Amino acid sequence: MTTFHELAIVCERIESISSSLAITQEVATFLRALEESELAVCPLLLMGTVFAEWRGLELGVGKSLLYAALSSASGWSARQLDELLREMGDVGRMAEEALRRRAQRTLLSAFGDDGGLSVLEVYDILERIARAEGRGSQGQKVQHLEYLFSSCSPLEARYLARLVMGEMRIGVGEGIVRDAIAQAFGVSSEEVERAYMFTGDLGEVAVLAMRKGSEGLREVRIRLFRPIRVMLAQIAPGISAALEEMGEAAVEWKYDGARVQVHIQGSEIRIFSRRLEEVTHPLRDVAEALLGCIDAREAVLDGEAVAYDPSGRPRAFQYVLRRFRRKYGIEKKRKEIPIHLFLFDCLHVDGKPLIDESLRERRRTLEQIVRESGVVSVAKQVITSDEEEASAVYHEALDAGHEGIILKKLSSPYIPGRRGKHWLKVKPLMETLDLVVVGADWGEGKRAHFLSSYYLACIEDDTGRLLEVGKVATGTTEEQLAEITEMLKPLIISQEGTYVRLEPVKVFEVAYEEIQRSPNYPSGYALRFPRFVRVREDKSPAEADTLSRIEELYARFQ
DNA sequence: TCTGATGCGTC
DNA sequence: GTCGGAC
DNA sequence: GTCCGACGACGCATCAGA
C-alpha cells in the first residue's frame, strides 16, 4: 500500500529537480513500485489531474470551497487565507503553512504511518466529492475536504491543495508521464503514446504496460463511441513560410467555432468536444442532420461547429458557446443560433482505421461518404503550392468572416493529441491598443511575488473616465515581469487579497486577436487573447486609446 | 423563487 | 486560446 | 521541436442564500 505521504515526498523531490530526464526517472521509479490499483490513478495525480477525461467526473471545488475546508481544518479565516496566499504565492504553500500554524489538535499522521491516508483513500474521497450533488452538496464537499486536511501533514496538504485545484506545479505533464511509463515497464514511448491516443487515460495505459507490455499496448485500437484525442495545428508566421515548409499543401479555411468529433454507427450517433465531453444533446440538430447524410455504416469524423445568423453570415465565437454546453432551452436556441458543421477529416470508416493513411486519402474517403446538407458540409479546401493562390483562399476566408487558414501536409497521417508541423495555421495580425493600467494581481507559482496580471482601461471620449476592457498577463519576459513589478509597486493605492488597485499613470501597448462585446467589463468590450507588447513610456494616460477607437475597430471586423 | 458567486469547459 | 523558458 | 506552467474572455450549470 502506498501512503499519500509517500506521494507527497516524491512530489517534493521532483519539485526540486529541474532536469526533465531526472524527473522522468523519479516518476518511473515511483510508478514501478505501485500496486496495480494505485497505478491506475497515480499517473494522473502526479500531473495534478484526478479523473481521466472520459470519466466525465468533476470535483466542483475551487478556491472558495478550498478556503472553507481549510478554515475548518486550520482555524484561519478565508480572508486570512487569501492574505496568506499572497504571501506564499501558491495555494499549496498556503495550505501547508495554514496547517503548520494551526492550533494544536489531533494529528494522526504525525504519529507514524498507521493513521496516515493512503493514496487510494484520498482518491476515493475525491471521487465522493465529485459525486456530491444537489442541495447541501457544497457542504458535503467541504466536509470531505476538511477530513482530508485534518488527516494530513503540512507537506501532504501542500499537494492535496494543489491537486484539488488541478495544478501540481512539479513539472510533470503528459510528456513526462508518457516517458516514465515507458521507462518503468520497458516499453517504448511511441507505444505508450499510441495507446494513450485511443484510451485518453494514462492510468489505464500504465496498467496495460505493466501487465501486458508492448504487445498489450499495440493491441489498443480506436473504438466507436470512445473519443480519441484530436490533432492540433501550430502557428505559422505567414503563408510563405508555411508553404516553404511543406511545398504543396491542402489549404483550408480556419473556422472560428468549436472542435467536434463525431462517432456514428447505424442510427446511433455521439458528438464529442475537444476535451472528449459528450455534446450530442445540445447539438441534436447537427446530430440529426448527420444521421441523414453519412453514407457509411460506421464512421469517426473530425470537424468544426460554427454559429450562423439566420441570414447565413457566420457569427462571433461567443454564439457557439451559447449552444455548446446547454442543457435547457435547446429548442429555442437552435432556431436563434443555427450551427453549421464543417467536416475536415475522417479517422475511421466501416471497420477500417484511417489515421495512418495520408490526408489526401482520408479526404478522398470523407468526400465519398458525406452528402452535404444545409447543416453539414465538407470544409473548403484548395490544394496548391502557389503563394498567391493560398493567399487568395486566405482573404476569401477572412472576407467570409472566418479566422484565417490552415495549411496541411498532404502526405501526413492523423496524429491524435499532437500539435505538429503537419498542420499550420495562419491568422491576421491586429493593430495594437495603448491602454491604461488601473490594477493588478499578485501572481502564483513561478510568478509568486510578482505583479503578473494587469487590469486595463480605455478612455471614455466625452468624460475622460477610465473604462476597463480586460486584463493582460502574457507576453512579458521574466525580466520584464520584475521590472514592471518594481515600476507598479509605488503606485499601489489599496490591496485586497491578491488584488491591487493602482494609480492610473502607466500605459501598456497590448496586442490581441479580436475585440468582443463584453457583458462583464464597464466599457462593454473585451480583448480576446490579449498579450503584453511593451510599456509606452512615451505616453501619458490621457493619450491612451479611447472607447470610440475600440468601437471602430470592433465594427470594422463585424 | 430569484440572484450572484463559483466551477469548468470552449476558444 | 497566448506566451516565455528550459531542455 | 517539445514540454510545461501561468495566465486571458465568455457562457452555461449549479448551488447557497436572500
Side-chain angles (χ1 to χ4, degrees), chain A residues 18-24 47-48 53 56 58-68 89-90 132-142 164-179 232-235 255-260 273-277 279 282 304-305 316-330 333 403 418-421 425 427 441 443-448 450 452-456 469-481 510-521 525-533:
Chain A
S18 63
S19 151
S20 50
L21 285 177
I23 291 177
T24 308
M47 297 191 303
E53 282 170 330
E58 290 162 7
L59 281 177
V61 173
K63 230 170 237 176
S64 91
L65 292 193
L66 179 69
Y67 283 175
D90 166 82
E133 61 176 21
R135 204 154 187 96
S137 59
Q138 293 191 352
Q140 289 168 23
K141 286 176 198 267
V142 169
V164 299
M165 295 299 293
E167 46 188 28
M168 271 318 221
R169 292 193 176 133
I170 58 175
V172 175
E174 286 176 3
I176 302 278
V177 171
R178 181 238 289 138
D179 294 351
L232 303 164
Q234 215 170 54
I235 296 174
Y255 303 95
D256 190 7
R259 192 76 177 269
V260 294
S273 71
R274 165 144 163 213
R275 292 213 188 150
L276 316 186
E277 248 190 49
V279 290
E304 187 88 2
F317 171 72
Q318 286 166 290
Y319 286 87
V320 190
L321 294 181
R322 295 181 197 175
R323 291 278 324 260
F324 215 56
R325 299 177 75 210
R326 178 172 288 280
K327 270 171 107 168
Y328 312 101
I330 293 173
K333 273 286 181 289
E403 250 187 6
R418 301 213 69 79
R419 190 183 291 283
K421 55 181 179 342
K425 56 182 165 186
K427 299 196 278 187
D441 283 321
E444 285 188 43
K446 67 185 178 190
R447 299 240 185 127
F450 292 113
S452 76
S453 180
Y454 316 105
Y455 292 72
L456 305 167
V469 287
K471 294 159 73 176
V472 64
T474 187
T476 50
T477 62
E478 282 180 358
E479 200 184 344
Q480 286 173 320
L481 202 59
V510 175
Y512 56 89
E513 214 68 27
E514 183 189 17
I515 292 174
Q516 307 170 290
R517 290 301 331 225
S518 169
N520 303 313
Y521 283 103
Y525 295 90
L527 308 181
R528 178 140 83 137
F529 312 142
R531 55 259 195 194
F532 172 88
V533 177

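What you see is a predicted model, and the numbers here were worked out from it, not measured in a lab.
Side-chain proximity of A:F317 to the nucleotides D:dG11, C:dG5, B:dT10 is greatest for B:dT10. Of the candidate nucleotides B:dG9, C:dG4, B:dG7, B:dG9 has the atom nearest to the side chain of A:S273. In this structure, of B:dC11, D:dC10, D:dC15, it is B:dC11 that holds the atom nearest to the side chain of A:R259. In the set D:dA9, D:dG8, C:dC3, the nucleotide with an atom closest to the side chain of A:F529 is D:dG8. Closest to the side chain of A:A258, out of D:dA9, D:dG8, B:dT10, is B:dT10. When each of D:dC3, C:dC7, C:dC3 is scored by its nearest atom to the side-chain atoms of A:S18, the top-ranked nucleotide is C:dC7. In this structure, of B:dG7, D:dC12, D:dA16, it is D:dC12 that holds the atom nearest to the side chain of A:K333. Distance from the side chain of A:S64 is smallest for B:dT6 among the nucleotides C:dG5, B:dG9, B:dT6. Listed candidates were D:dA16, D:dA9, C:dA6. Nearest to the side chain of A:Q516 is D:dA9. When each of B:dG7, D:dC15, D:dC3 is scored by its nearest atom to the side-chain atoms of A:Q138, the top-ranked nucleotide is D:dC15.
In the region residues 320-329 of chain A, proximity to DNA chain D at under 4.0 angstrom, judged on heavy atoms, holds for A:L321, A:R322, A:R325, A:R326, A:K327, A:Y328.
A:S452 has a side-chain polar atom (N or O) that falls below the 4.0 Å cut-off from OP1 or OP2 of D:dC7. A close approach under 4.0 Å does not occur between any side-chain nitrogen or oxygen of A:T474 and OP1 or OP2 of D:dA6. Between A:Q318 and D:dG11 there is a side-chain polar atom (N or O) within less than 4.0 angstrom of OP1 or OP2. Here A:R418 reaches the OP1 or OP2 of D:dC3: one of its side-chain N or O atoms lies under 4.0 Å away. Distances shorter than 4.0 Å separate none of the side-chain N or O atoms of A:K446 from OP1 or OP2 on D:dG5. In this model, the phosphate group of B:dT10 is approached by a side-chain N or O of A:R275 to a distance below 4.0 Å at OP1 or OP2. OP1 and OP2 of D:dC3 both lie 4.0 Å or more from every side-chain N or O belonging to A:S20. Regarding contacts with the backbone of D:dG5, every side-chain N or O of A:R447 stays at 4.0 angstrom or more from both OP1 and OP2. Side-chain nitrogen and oxygen atoms of A:T476 include none within less than 4.0 Å of the OP1 or OP2 phosphate oxygen of C:dC3. Within the 4.0 Å cut-off from OP1 or OP2 of C:dT2, at least one side-chain nitrogen or oxygen of A:K427 is found. Between C:dC3 and A:R531, a contact under 4.0 Å exists linking OP1 or OP2 to a side-chain N or O.
The nearest whole Å value for the distance from the CD1 atom in A:I170 to the P atom in D:dA6 is 12 Å. Distance, A:K141 NZ to D:dC15 P: 8 Å, rounded to whole Å. Rounded to whole Å, atom P of D:dT2 lies 10 Å from atom CZ of A:R178. One can place CD of A:E304 at 9 Å from C1' of B:dC11, the figure rounded to the nearest angstrom. A:M168 has its CE atom 17 Å from the C1' atom of D:dA6, to the nearest Å. The interatomic distance linking A:I330 (CD1) with D:dG11 (C1') rounds to 14 Å, in whole Å. Per the geometry, CE belonging to A:M165 stands 10 Å off C1' belonging to B:dG7, to the nearest Å. Rounded to whole Å, atom P of D:dC4 lies 15 Å from atom CG of A:L232.
Checking side-chain atoms of A:K471 against main-chain N and O of A:P530 turns up no donor-acceptor pair under 3.5 Å. A:Q318 places a side-chain N or O within donor-acceptor distance of the main-chain N or O of A:R517, the cut-off being under 3.5 Å.
Scored by the side-chain contact (heavy atoms from CB on, under 4.5 Å) test, A:E133 finds no partners at all (sequence neighbours excluded).
Salt-bridge formation is not detected for the pair A:E277/A:R275: no Lys NZ or Arg NE/NH1/NH2 atom is positioned less than 4.0 Å from an Asp or Glu carboxylate oxygen.
Only one option out of A:K425, A:R528, A:R531 pairs with A:E513 in a salt bridge (Lys or Arg N to Asp or Glu O under 4.0 Å); it is A:R531.
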